[in-house]
Structure formats: C-alpha cells, structure tokens
Amino acid sequence: VIELANRATIDNMYKGRILFIPDSFPVNYKSYSPYPFYYETANGLPKLFIIDKYTQTFGAYEYGKLVHWGLVSTGRKNNLTPVGRYNFNWKTYYKKSTAAPPGEVWEMYWVFDFHAKFGIHVHQYRLPIGMAVSHGCVRTSEPDAIWNYNWANGWVHNKKGIITRNGTPVMVINNNPKVRP
C-alpha cells in the first residue's frame, strides 16, 4: 500500500524522501486506486486494460468492475507510449529488447504486446515507478506483469492464421506528467 500510495517501489525510496503513510490500512488495496471502482461505460466488456500516462498507473476491469491496478513506467519524452485504443495480441514469457544499445542485453519477462506495428508491450522490467523512462513500452513490477500475462487475452487465429477474435482491449490515455505524478 505504501508503494502504491507513493508511486514508488521500496527500492526507489531513498533516505530523506517525503512519503505518504496512511493512518489506516483498508483491507482492499484498491481503495488507493486513482481509478473508479466501477466504470459504467465498460460494463459490457468482459475485460478492459487502461494505462494512464499521467498517473503512471494501470487499471484492469471486468464488466466495468475494477479488479486490479498497479504502477507503470511508460515511454519517456523522446520515445512516447502512443495514446490510443489497442488490443493485446501476442505474448511470450521471455524476450530480448531490440532497443538495447550495441553490446547490451535488455531482458524482459512476462511480455504481452498491444501495439503490433511498433512492438509496444506491457512487461516486467526494472522500474523507476511513477516516471516515464522506457523506450515506449509499459514497464510493471514482476507481480503485476505475471498477473496481466495470466489475466489478459490475446488474439485468436483460425487454421489459416486469420484473426477471429481480438484480444483484451487496451486504452492508453493522457499525456506524461511534467513532474512526478
């Protein structure tokens, strides 16, 4: 709860940093979510995944009810995560990033792509949480990446390779914050 409330993981909390510490801890961690518990417009959708670049968070809905939320790190100024409506499509447990400089290997786990043209995906990776610092992808903590990998649906293809059903809808909203959200 302290990580979520401060938009930072424990390893990114340094001595002297001012922290928000609640005076009570509700059983339901969703109480600290920037997302509404119920999103009426999504009540007809089995699943919806929202990425809010301004708050650097994600919210996952089932038939309009918030089922999970967490922190992300989206694309930085020169490599923005594009705003828009997408669908999760393919996923893989492990992938090496093609954005790594020569001689470096950037390993990503629990990868779920949502922008096929540019290969933008949600995955586990080192964070600074609450800041837009990636090369366009959406970084999450490992527990959240595993959760999404198992929760979201990808494309369904027929025997000819034609998509017969889109994956879970993904909405990327808002602009990056000018300062820490």
Side-chain angles (χ1 to χ4, degrees), residues 1-39 42 47-62 65-84 86 88 91 93 95 97 99 106-115 120-152 168-181:
V1 168
I2 292 171
E3 287 179 331
L4 291 170
N6 288 280
R7 306 291 194 272
T9 53
I10 293 295
D11 57 331
N12 285 304
M13 293 183 194
Y14 51 86
K15 186 177 181 180
R17 178 180 174 151
I18 297 172
L19 297 176
F20 170 73
I21 309 280
D23 57 8
S24 65
F25 292 89
V27 173
N28 187 348
Y29 79 100
K30 290 182 281 188
S31 298
Y32 295 94
S33 168
Y35 298 91
F37 284 174
Y38 184 70
Y39 180 30
K47 295 180 180 180
L48 173 64
F49 193 81
I50 300 173
I51 299 163
D52 184 343
K53 295 186 341 174
Y54 184 77
T55 61
Q56 293 291 296
T57 60
F58 75 86
Y61 286 87
E62 292 179 3
K65 293 181 183 176
L66 182 67
V67 294
H68 193 68
W69 80 282
L71 306 175
V72 300
S73 184
T74 60
R76 64 182 175 214
K77 186 177 181 180
N78 297 336
N79 298 98
L80 293 173
T81 304
V83 170
Y86 308 96
F88 281 118
K91 67 180 179 178
Y93 162 73
K95 183 171 177 45
S97 174
W106 294 349
E107 298 179 308
M108 303 174 296
Y109 294 89
W110 312 105
V111 179
F112 214 141
D113 189 81
F114 67 86
H115 194 300
I120 297 175
H121 33 266
V122 174
H123 62 87
Q124 178 278 331
Y125 199 72
R126 288 187 312 254
L127 303 167
I129 292 274
M131 293 171 54
V133 297
S134 82
H135 289 83
C137 293
V138 179
R139 300 176 183 178
T140 67
S141 67
E142 186 167 33
D144 285 337
I146 292 169
W147 184 90
N148 185 57
Y149 185 89
N150 292 315
W151 173 80
T168 300
V170 177
M171 289 178 20
V172 180
I173 62 172
N174 294 325
N175 294 316
N176 288 352
K178 299 210 184 300
V179 296
R180 191 181 252 313

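Starting from 1, each residue takes its place in the sequence as its number. Values below: all heavy atoms of this structure, side chains included; hydrogens, waters and symmetry mates excluded.
Minimum interatomic distance between Phe37 and Lys30 (heavy atoms only, all atoms of both residues): CE2-O, 3.1 Å. Closest non-hydrogen pair, Leu71 versus Asp144, comes out as N-OD2, 4.0 Å. For the residue pair Trp151 and Ala60, the shortest heavy atom distance occurs at CH2-CB, 3.8 Å. Contact between Met108 and Val111 at its shortest, heavy atoms only, is CB-CG2, 3.8 Å. For the residue pair Tyr35 and Ile51, the shortest heavy atom distance occurs at OH-C, 4.4 Å. The shortest non-hydrogen separation linking Pro177 to Lys53 is CD-O, 3.2 Å.
By the ring-ring contact (aromatic ring centres under 6.0 Å, His included) test, Phe49 is found to be paired with Phe58, Phe88, residues two or more places apart in sequence or in another chain being considered.
Residue Tyr93 forms a ring pair (Phe, Tyr, Trp, His ring centres under 6.0 Å) with just one option from Phe112, Tyr149, Trp110, and that option is Trp110.
The aromatic ring centres of Trp147 and His68 sit less than 6.0 Å apart.
Between the side chain of Asn176 and the backbone N or O of Gly75, at least one donor-acceptor pair lies under 3.5 Å.
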Problem set entry | Worked check of side chain to side chain contact (heavy atoms under 4.5 Å, CB included) between Ile120 and Tyr86 | CA-CA 10 Å; Ile120 297 175; Tyr86 308 96; over 6 Å; no

For this session: Show your working on side chain to side chain contact (heavy atoms under 4.5 Å, CB included) between His123 and Arg139 and close with a plain yes or no.
Result: CA-CA 5 Å; His123 62 87; Arg139 300 176 183 178; 4.1 Å; yes

Problem set entry | Worked verdict on Lys65 versus Tyr38 for side chain to side chain contact (heavy atoms under 4.5 Å, CB included) | CA-CA 5 Å; Lys65 293 181 183 176; Tyr38 184 70; 4.0 Å; yes

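Atom CD in Gln124 sits 8.0 Å away from atom OG in Ser141 (nearest 0.5 Å). If you take OG1 on Thr168 and CG on Asn148, they are separated by 8.0 Å, rounding to the nearest 0.5 Å. A distance of 6.0 Å separates CG of Asn150 from NZ of Lys91, quoted to the nearest 0.5 Å. The distance from atom CG of Asn175 to atom OG1 of Thr81, rounded to the nearest 0.5 Å, is 11.5 Å. Taking OG1 from Thr74 and CG from Leu80, the interatomic distance works out to 8.0 Å, rounded to the nearest 0.5 Å.
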